[in-house]
Amino acid sequence: MIKLVAVVRRKEGLDFEEFRQLWCEEHPQLVRRMPGVRRYSQNLAFEGRSRTWPIDGVAEVWFDDKHAVREAFASEAGTAATKHEKTFAGEVTWFLAEEIEYEWGAR
């Protein structure tokens, strides 16, 4: 299995709560309609008062293989998700990755 990892920065002029609503509540419903998506997760940056983070979040989308990624984004649902992304994202940088997990066990 592979995953698409997307680093997201919110659209200029959009406050954090508007961004959170669009990305965390509306967008997942569109992603779940894309064919071949096995899993989807979001990592939303904490809204800080004393610190501005360089990014607003990271999304991870799991697929069986690269072919499934292409099919998902070429689909009607993929087009709709990409269009919706433009309502909340000012910049999205993504890459395909192989996840490597480590078991730490008891210390």
Side-chain angles (χ1 to χ4, degrees):
M1 204 173 318
I2 65 168
K3 68 178 169 179
L4 182 147
V5 179
V7 178
V8 181
R9 187 173 312 196
R10 72 177 173 244
K11 192 174 189 175
E12 195 171 322
L14 203 63
D15 71 34
F16 191 81
E17 183 53 35
E18 290 173 305
F19 170 75
R20 192 201 61 72
Q21 167 73 32
L22 291 165
W23 187 44
C24 298
E25 295 184 28
E26 294 180 19
H27 199 64
Q29 301 309 313
L30 298 170
V31 173
R32 93 179 315 163
R33 293 183 190 130
M34 293 169 62
V37 172
R38 300 291 178 210
R39 183 176 166 203
Y40 178 65
S41 70
Q42 294 175 330
N43 303 276
L44 181 65
F46 284 111
E47 182 181 23
R49 296 187 193 276
S50 61
R51 178 177 172 95
T52 302
W53 300 109
I55 62 168
D56 294 295
V58 175
E60 299 172 297
V61 191
W62 282 259
F63 297 91
D64 288 335
D65 51 36
K66 290 178 188 176
H67 178 73
V69 175
R70 283 191 296 274
E71 284 189 347
F73 283 95
S75 71
E76 248 182 73
T79 300
T82 300
K83 182 178 178 183
H84 183 257
E85 183 181 279
K86 291 173 180 29
T87 67
F88 63 84
E91 181 182 342
V92 177
T93 304
W94 63 272
F95 59 94
L96 295 179
E98 175 185 3
E99 183 173 63
I100 301 169
E101 290 188 49
Y102 299 94
E103 295 289 330
W104 293 107
R107 291 185 183 210

Using 0.5 Å steps for rounding, measure from the [atom1] atom of [X] to the [atom2] atom of [Y].
| X | Y | atom1 | atom2 | result |
| --- | --- | --- | --- | --- |
| Lys11 | Glu18 | NZ | CD | 10.5 Å |
| Lys86 | His84 | NZ | NE2 | 12.0 Å |
| His27 | Gln21 | NE2 | CD | 13.5 Å |
| Arg38 | Phe63 | CZ | CZ | 10.0 Å |

Over 12 non-hydrogen atoms of neighbours within 6.0 angstrom of [atom1] in [X]:
| X | atom1 | answer |
| --- | --- | --- |
| Glu98 | CD | no |
| Glu17 | CD | yes |
| Glu76 | CD | no |

Going only through I, L, V, M, F, W and Y residues with side-chain contacts under 4.5 Å, is there a path from [X] to [Y]?
| X | Y | result |
| --- | --- | --- |
| Leu30 | Val8 | no |
| Phe73 | Leu96 | yes |
| Ile2 | Val31 | yes |
| Val58 | Phe46 | no |

Close side-chain approach of [X] and [Y], heavy atoms under 4.5 Å:
| X | Y | answer |
| --- | --- | --- |
| Asn43 | Glu60 | yes |
| Met34 | Glu71 | no |
| Val37 | Arg32 | no |
| Leu22 | Leu14 | yes |
| Val7 | Trp94 | no |

(request) Under 4.5 Å between side-chain heavy atoms, chaining through other members, with only Ile, Leu, Val, Met, Phe, Trp and Tyr counted: pull out the rest of the cluster around Trp62, sorted by chain and number. (result) Met1
To check you understand the geometry: which heavy-atom pair defines the closest contact between [X] and [Y], and what is its length?
| X | Y | answer |
| --- | --- | --- |
| Ala74 | Thr79 | O-OG1, 4.5 Å |
| Gln42 | Pro28 | NE2-CG, 3.9 Å |
| Leu44 | Asp56 | CD1-O, 3.6 Å |
| Pro35 | Ser75 | CD-OG, 3.3 Å |

(message) Donor-acceptor check, side chain of Arg10 to backbone of Asp15, threshold 3.5 angstrom: yes or no?
(response) no
(request) Just jot down the side-chain hydrogen bond (donor to acceptor under 3.5 Å, both in side chains) partners of Glu91, sequence neighbours excluded, or say none. (result) none
(request) Anything under 30° is parallel, anything over 60° is perpendicular, the rest tilted; go ahead and classify Trp23 against Phe88. (result) tilted
